[in-house]
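Below is one structure, written out as structure tokens; comments come after it.
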Amino acid sequence: MPTDNQRPSIAIVGMGPRGLGALEALATQLGNTDLVFDVDIFDPVKHLGAGPNFCPDESKLCLLNIPTREISVEPPAFPGAQVCQFLDWPSLSGNPDTFPPRAILGEYFEARYRDLDRNAKALCLSQRPERVTDIQNENDGWWIETGRQRFGPYHEVLLTQGQPATKPDEQLGRWTDHVQNNAGELSAAYPGTTLLKTAQNWAGKNIAIRGLGLSTLDVLRILTCGLGGRFEDGRYLRSGSEPAKILPFSLDGHAPVPKPANAKLDTMFDPTKDETKSFDAALMKATTQSRETAIMTVSEALVAPAARILKEMGNPLKEGDVRNWLTMEREAPGSQETQSPTEALRTGIAMADGDLPPSIGFVVGQLWRKWQNALRSGFNSAQISPETAKALVTFDEGLKRYSYGPPVRSAKELIMLIDAEVVDLCAADDPSIRLIEEGWQLVDANREITVSVMIDAVMPSPALDTTADPLIEKLMAKGNISAVCDGLGARAKADGQLIGQNDNTPSGICMLGRLSLGSVIAADSIHDCFGAATKRWADGVIIRVDRTQLQSCDVLDESAL
Ligand SMILES: Cc1cc2nc3c(=O)[nH]c(=O)nc-3n(C[C@H](O)[C@H](O)[C@H](O)COP(=O)(O)OP(=O)(O)OC[C@H]3O[C@@H](n4cnc5c(N)ncnc54)[C@H](O)[C@@H]3O)c2cc1C
């Protein structure tokens with residue numbers, strides 16, 4: 001441990017929104033004590049607090065997937081905090097139904113970080129703009145290594161790295177090799193500003209996008225409005241600088257379904273208090289059950305509320321239909337969507353606008369969205385078997401096509417791009433892909449389309465075995481980190497303490513966020529970054545550090561005798 005007379009010291013690796021949320025929770029909890037912590041923050045990003053996904057310099061065409069009215073990131077409560085509510089942030093438009101650019105939320109997070117730096121009396125922050133490559137546990141505490149220097153010792157280390165680099169999957173690996181010796185160009189979706197610069201040379205080309213999720217909607221805005229095109233009177237007007245055709249595709253060909261268009265429509269999907277209580281109880285039970293039973297228990301809690309909402313909104317389907325839908329969904333998520341990608345998009349828009357009674361999937365998805373906090377609070381603090389955890393995570397991920405839906409405006413713009421023949425969904429549903437000299441050939445049932453640019457808009461998996469991050473690789477090799485099970489993230493306790501191989505908990509190294517998926521659920525949300533997990537972590541650190549300091553005092557007292 002650090003020397004007896006040293007102040008408590010911690011290192012935080014990664015200062016995106018989750019590192020910020022953790023630090024704010026620590027400052028708030030320390031407000032009840034007379035402790036002062038030295039905190040070293042390791043992150044090479046320019047805008048601390050915002051991280052790469054909410055970078056204030058990011059293109060304003062990259063939008064949040066939640067409307068302003070639903071952004072619930074309460075300012076911190078530490079003594080001396082001065083930052084305003086996000087709703088009062090100057091660059092935000094007044095309309096609560098709009099989905100603001102992520103960069104605006106990033107500006108706000110950066111301001112919150114500065115507020116902490118200036119006003120949190122219990123924290124003494126130092127910025128270390130470096131990437132951490134290794135962490136060592138020695139007799140005197142934790143040591144951090146960057147490419148150039150060694151820092152420490154620390155009482156505690158927190159890893160909030162978001163989604164660090166992963167090994168390319170088999171397909172991406174093949175394409176990376178392919179573009180070395182051929183004419184095709186392979187590009188990442190982000191940063192949007194880099195994509196926009198590269199896209200200046202793509203006028204008239206055919207372009208494919210791997211992935212048909214929220215990132216693809218950002219990419220489409222960049223390749224159209226970013227290049228001078230505009231939407232006007234329900235039509236897309238080309239600028240002439242955009243690609244000839246854009247061909248997004250995915251494993252099932254379906255775009256995410258937009259959320260209800262406004263607050264009034266959205267409240268129609270609210271669960272009642274009793275329904276939420278039943279969901280909480282079902283989830284608690286499910287966390288102790290085997291994988292099959294757990295998923296049945298949780299999905300049964302959706303049946304009555306979904307049937308009630310369907311009835312209230314003019315869809316005559318009954319509880320039995322909902323139950324059957326959920327059975328199929330559990331077995332093969334998304335397999336019941338039988339419309340073509342474009343038809344499904346139009347149906348989704350009509351349901352989001354309230355022009356068509358919602359389908360079972362739409363209702364279940366909105367309920368699931370509204371229960372995300374309840375899901376986190378029931379799952380994240382429970383002891384769950386790896387199989388059950390995996391089943392619940394898979395169910396949650398499957399419903400994301402509804403629960404993480406885009407603004408209806410984005411879905412309508414996609415339709416306008418299809419009508420203007422800029423976007424073509426003809427090969428959207430898992431096409432065969434040939435590698436050719438000019439780039440790629442997408443092969444669907446009756447067409448072959450050559451594209452010279454491929455954009456990767458697929459979010460990599462948080463599975464530990466796919467990591468290419470040197471720090472995570474080293475911690476795994478040393479046994480400090482172990483996976484919940486294949487395909488999931490790190491094992492961690494409810495307060496973030498990592499559980500290593502041999503079930504040991506190396507005291508003082510914690511992880512929060514996506515990389516511990518399976519120990520936590522529904523981590524890909526800004527709300528989770530400021531949720532209960534950060535308070536649990538802060539409480540744990542304070543207790544452990546306090547205990548160590550008391551022990552040091554005991555030793556001092558004894559040696560004084
Ligand atoms: C493209 C995209 C769009 C999203 N949009 C939304 C949205 O609209 N709404 C929503 O609720 N959620 C959204 N999310 C989910 C989003 O990831 C989280 O809400 C949030 O960004 C996660 O914050 P984080 O701090 O955990 O990770 P990040 O924001 O990724 O921050 C991690 C930080 O760790 C640093 N780091 C990593 N490794 C090291 C190392 N070895 N040494 C030092 N520093 C390191 C990185 O530089 C980075 O700054 C989006 C995610 C992505 C990828």
Side-chain angles (χ1 to χ4, degrees), residues 11-23 40-55 58-59 62-68 70-73 99-106 109-110 113 127-135 144-147 151 157-166 188-192 195 211 213-219 222 256 259 369 372 400 403-407 410 456-460 462 467-475 489 496 511-517 520 522-531 533-534:
I12 301 191
V13 181
M15 191 40 65
R18 195 159 329 249
L20 173 68
L23 208 45
D40 280 4
I41 288 152
F42 293 85
D43 197 325
V45 287
K46 186 167 148 206
H47 301 282
L48 294 175
N53 307 324
F54 296 88
C55 174
E58 179 57 297
S59 164
C62 294
L63 301 184
L64 265 164
N65 70 344
I66 31 180
T68 303
E70 266 185 40
I71 301 169
S72 165
V73 283
F99 289 60
R102 292 201 293 277
I104 292 186
L105 190 54
F109 288 151
E110 193 179 19
Y113 177 80
Q127 286 86 27
R128 314 271 182 214
E130 297 186 52
R131 191 156 288 283
V132 175
T133 50
D134 197 7
I135 297 178
I144 291 232
E145 223 170 86
T146 67
F151 298 85
V157 178
L158 171 66
L159 306 178
T160 39
Q161 293 175 261
Q163 171 69 66
T166 50
Y190 298 110
L195 181 68
L214 295 173
S215 301
T216 299
L217 299 176
D218 283 342
V219 170
I222 287 168
K259 294 196 175 88
R369 169 167 64 90
Q372 289 279 290
K400 272 187 175 175
S403 57
Y404 277 55
S410 299
D456 182 29
V458 171
M459 175 92 160
T467 193
D469 181 69
L471 171 58
I472 299 294
E473 282 176 331
K474 283 185 195 141
L475 289 174
M511 175 186 277
L512 295 175
R514 182 173 161 82
L515 265 191
S516 52
L517 190 72
V520 298
D524 290 335
S525 154
I526 203 62
H527 293 140
D528 189 45
C529 298
F530 298 89
T534 56

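One is the number of the first residue; the rest follow in order along the sequence. Quick caveat: nothing in here was measured; it's all calculated off a predicted structure. Every number for a ligand or one of its atoms is a count from 1 in the order of the listing.
- In this structure, H527 contributes its side chain and V73 its backbone to no donor-acceptor pair below 3.5 Å.
- Checked by atom type and distance alone, the side chain of T160 pairs as donor or acceptor with a backbone atom of G14 at under 3.5 Å.
- Ligand 1 does not have G513 within reach: every non-hydrogen atom of the residue lies 4.0 Å or more from it.
- Using a distance-only test at 3.5 Å, with no hydrogens or angles considered, no donor-acceptor pair links the side chain of D40 to the main chain of R128.
- The distance criterion of under 3.5 Å between nitrogen or oxygen atoms is not met by A50 with respect to ligand 1.
- Among all protein heavy atoms, the one lying closest to atom 1 (C) of ligand 1 is Y190 CE1, 3.3 Å.
- Applying the 4.0 Å criterion to heavy atoms of P44 picks out, from ligand 1, the atoms 43 (C), 44 (N).
- Residue-level proximity to ligand 1 for C529 is carried by the side chain, the only part with a heavy atom below 4.0 angstrom.
- Counting protein heavy atoms only, atom 48 (C) of ligand 1 is closest to D43 OD2, 3.3 Å.
- Nearest-residue assignment for atom 32 (C) of ligand 1 (options H47, R128, Q161; heavy-atom criterion): Q161.
- Remark: side-chain polar atoms of E58 are paired, donor with acceptor, to backbone N or O of G192 under 3.5 angstrom.
- Here the protein heavy atom with the shortest distance to atom 26 (O) of ligand 1 is R18 NE, 3.1 Å.
- Taking each of F54, F530, F109 in turn, the one with a heavy atom nearest to atom 6 (C) of ligand 1 proves to be F54.
- Distance from atom 39 (C) of ligand 1 to its nearest protein heavy atom, with residue and atom name: R131 NH1, 3.3 Å.
- A donor-acceptor pair under 3.5 Å is absent between the side-chain atoms of D134 and the main chain of L471, judged by distance alone.
- The distance criterion of under 3.5 Å between nitrogen or oxygen atoms is not met by L471 with respect to ligand 1.
- A donor-acceptor pair is defined here as one N or O able to donate and one able to accept, closer than 3.5 Å; such a pair exists between the side chain of T133 and the backbone of E145.
- The main-chain N or O of F42 is never found under 3.5 Å from a side-chain atom of R131 such that the two would form a donor-acceptor pair.
- K259 places a side-chain N or O within donor-acceptor distance of the main-chain N or O of N65, the cut-off being under 3.5 Å.
- At a 4.0 Å heavy-atom cut-off, ligand 1 touches R102 through the side chain alone.
- Contact annotation for V45 and ligand 1: only side-chain heavy atoms (C-beta onward) come within less than 4.0 Å of the ligand.
- Nearest-heavy-atom check against atom 29 (O) of ligand 1 across P17, G21, G162 picks out P17.
- In terms of protein heavy atoms, atom 9 (N) of ligand 1 is closest to N65 OD1, 2.9 Å.
- Neither the backbone nor the side chain of C62 comes within contact range of ligand 1; no heavy atom lies under 4.0 Å.
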Practice problem: Apply side chain to side chain contact (heavy atoms under 4.5 Å, CB included) to the pair M15 and L20, showing each step before the final yes or no. | Solution: CA-CA 6 Å; M15 191 40 65; L20 173 68; 4.2 Å; yes
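- Here the side chains of V13 and Q161 are in contact, with some heavy-atom distance below 4.5 Å.
- Rounding to the nearest 0.5 Å gives a distance of 14.0 Å between CD1 of I526 and CD of E70.
- The protein non-hydrogen atom at the shortest distance from atom 34 (O) of ligand 1 is G14 CA, 3.2 Å.
- Remark: minimum distance from atom 41 (N) of ligand 1 to any protein heavy atom is reached at V132 O, 3.0 Å.
- Within the 4.5 Å cutoff, no side-chain heavy atoms of Y190 are placed close to those of P52.
- Using a distance-only test at 3.5 Å, with no hydrogens or angles considered, no donor-acceptor pair links the side chain of K474 to the main chain of I135.
- Contacts of T160 with ligand 1, taken as heavy-atom pairs under 4.0 Å, involve the backbone alone.
- Remark: distances from the non-hydrogen atoms of E130 to ligand 1 include one below 4.0 Å.
- Against a heavy-atom cut-off of under 4.0 Å, D524 is close to the following atoms of ligand 1: 12 (N), 15 (C).
- Shown in contact with M459 at under 4.0 Å from a heavy atom are these atoms of ligand 1, numbered in order with element: 53 (C).
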Practice problem: Just do the side chain to side chain contact (heavy atoms under 4.5 Å, CB included) check on R514 and V520 with the steps written out, would you? | Solution: CA-CA 8 Å; R514 182 173 161 82; V520 298; over 6 Å; no
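- Scanning all protein heavy atoms for the shortest distance to atom 52 (C) of ligand 1 gives N53 CG, 3.5 Å.
- When each atom of ligand 1 is checked for a heavy atom of V13 under 4.0 Å away, the hits are 40 (C), 42 (N), 43 (C).
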